[in-house]
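Each remark here refers to the structure printed beneath this line.
Because the structure is predicted, anything quoted here is derived from the model rather than measured. Within every chain, numbering begins at 1; the chains are lettered A, B, ... in the order of the sequence lines, protein sequences first and strands thereafter.
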2 protein chains.
Amino acid sequence: MAREMLRQGGRSARIQAEVHRTVQELLKSMDRGAITVPMIAERAGVTPSTIYRRWGDLSELLADVAVARMRPIADPDDTGALVSDIEAFILQYAEEMSSRVGRAMLVDVVGSVEGEAAAQCCRYTYHHLETLRERAVMRGERPFDIDEAIDRIMAPIVYHILFGDRELSPDYCRSLVDRFFGK
Amino acid sequence: MAREMLRQGGRSARIQAEVHRTVQELLKSMDRGAITVPMIAERAGVTPSTIYRRWGDLSELLADVAVARMRPIADPDDTGALVSDIEAFILQYAEEMSSRVGRAMLVDVVGSVEGEAAAQCCRYTYHHLETLRERAVMRGERPFDIDEAIDRIMAPIVYHILFGDRELSPDYCRSLVDRFFGK
DNA sequence: CCCGCTAACGCTAAAAATTTGCGTTAAGGT
DNA sequence: ACCTTAACGCAAATTTTTAGCGTTAGCGGG
C-alpha cells in the first residue's frame, strides 16, 4: 500500500491513476510474473524511478493496486434477507478471488511488507459484513458475530484459494454460509 | 518448488543442501526482503546462475526452502487423546507460523507459481491430521472429518496470520479446537 | 491573486541483479 | 571403463534498480 501522500491532487494523483490503470490493463493481458516495473512505466508514460520512489518495488505496487481494486465502490446489494445477502457477497468474492488474477491479487496483498495492504483488505471485508449486519438489524433479523463469520466462512474460502487444494464450487460456498447459520 | 531433479545425488544434491542451509541461515539473521540471490550464492559457494537456472527466481527458492522446512521430520507426539493431540499440533503450528519468519514462509509458499509449493504444504497438514485420526481410531475414539478440521481450525489460523488482523493467542487456538469438537 | 516552499517528478549515470552462451565437470546408465 | 548429457562455473550481455541533481507544480500563507 502506498503511504499516504502529502500531495493528493493534480499531477501526483494523475500519475497514480494512470499507473494503476496500466497495471490492471497488463494484468488482464499477461501473466503476473511477466510484469516488470519498466514495462509499466513505459505504458503509463512515466519514468521507472517515479514508480520505485513512490511504491518501493513491484510487489508493493501490485499490492496497492490489488487493494484499490478490492475497495467496494458501492454498498452491497440488498437481497431482502441476511442469509441471502451474505450468500451473494460470498459467492461473488469466491468467484472473483479464485480466478487466476484474483488469486494473484490475494497473494500480493498478503505479501505486502508491514502487512498494511493485508490489513486494509481485511477491513474492507469486515466493513462489508458490518453493513450486512446493520441491515439485518434494521429488518428485525437476529444479528450475527462478524469475527465468527470471518472464521467460519471467509477463512476457509481464502485458505482453499491460496493453497489451491480444493475446488471452490458455489455449492461449497453456500454450504459454509448455511452451516454458519445453523443449517 | 524446485522441479524434480533428474540427478538426485552427488554434487547436485550437495549444492541444493548448501543453498537451503544458507537461506535458512540468512532468514534468521536478516529481513526476508533484504535477501538477494547473489548474496545467497556467495555464502553458499556457488554462482548465481546456478540458482537462477535451478529455481528460477528468489521467491521460488524461498518457497522451496519453506516447504522443506515445513516437512514433518517425525510423527506428531502422542498425548494420549485426540483432542489434546490436535491441540498440541495446532498450538505448535500457530506458534511457528505467526512469527516473523513463519509468516514470510507462508507468504512465499502461497506465492509460488503453479502453487506447487502451496499444494505440498497443504498435503503435509492433511497427512498430519490423518495420522492423528488413525491414532484416534486405534484408541477407539470417534474419528473426525479432516476437511472439516481444516476449514474450522486451520483456515482461521492461517487467515489471521496472513492478514494480521487479530492476535493469535493460544486461548483463541484452543477455542477453535474446542468448538470443533462440540465444546 | 501572487509568492515561496518543497514534494514529487524527469533525466541520467552508476550499481546491482538477471539472463544467456559456451566450455567443463561429474551422475548415472551401459 | 566408457558414453551421454544434466548440471555447473565462468563471463559477457542485458535488464532492472538505485541515487544524484535539476526542474516542475501542488498547496498554504500573505
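The minimum heavy-atom distance between A/P38 and A/P48, with the atom names listed, is CA-CG, 4.3 Å.
Rounding to whole angstrom units, CD1 of residue B/I51 and P of D/dC10 are separated by 14 Å. The CG atom of B/L58 sits 11 Å away from the C1' atom of C/dA17 (whole-angstrom rounding). We find that CZ of B/R54 is positioned 10 Å from C1' of D/dC8, with the value rounded to whole Å. Remark: P of D/dT16 and CD of A/E42 are 10 Å apart, rounded to the nearest angstrom. What separates OH of B/Y52 from C1' of D/dC10 is a distance of 16 Å, to the nearest Å. In this structure, the CD atom of A/E18 is 13 Å from the P atom of C/dC9, given to the nearest Å. In this structure, CG of A/D57 is placed 13 Å from P of D/dA19, rounded to the nearest angstrom. If you measure from atom CD1 of B/I40 to atom C1' of C/dA17, you get 12 Å, rounded to the nearest angstrom.
Checking the phosphate oxygens (OP1, OP2) of C/dG10, a side-chain nitrogen or oxygen of A/T50 falls inside 4.0 Å. Side-chain nitrogen and oxygen atoms of B/T36 include at least one within less than 4.0 Å of the OP1 or OP2 phosphate oxygen of C/dA17.
The base of D/dG20 sits with one of its N or O atoms less than 3.5 Å from a complementary donor or acceptor on the side chain of A/R53.
No side-chain heavy atom of A/K28 sits under 4.5 Å from any side-chain heavy atom of A/V101.
Under the 3.5 Å distance criterion, the side-chain polar atoms of B/R135 are matched with a main-chain donor or acceptor of B/P76.
Residue order along DNA chain C, read from the 5' end via each residue's closest nucleotide, puts A/I15 first among A/I15 and B/G10. Comparing B/R14 and A/R11, the nucleotide of DNA chain C nearest to each residue sits closer to the 5' end for A/R11.
Taking the six-membered ring wherever Trp is involved, the centroid distance between the rings of A/Y93 and A/H128 does not fall below 6.0 Å.
Comparing C/dT18, C/dA8, D/dG9 by their nearest atom to the side chain of A/S12 picks out C/dA8.
Atom CD1 of residue A/I161 and atom OG of residue A/S99 lie 8.5 Å apart, to the nearest 0.5 angstrom.
Note on B/S49: a base of the nucleic acid sits closer than 4.0 angstrom, heavy atoms only.
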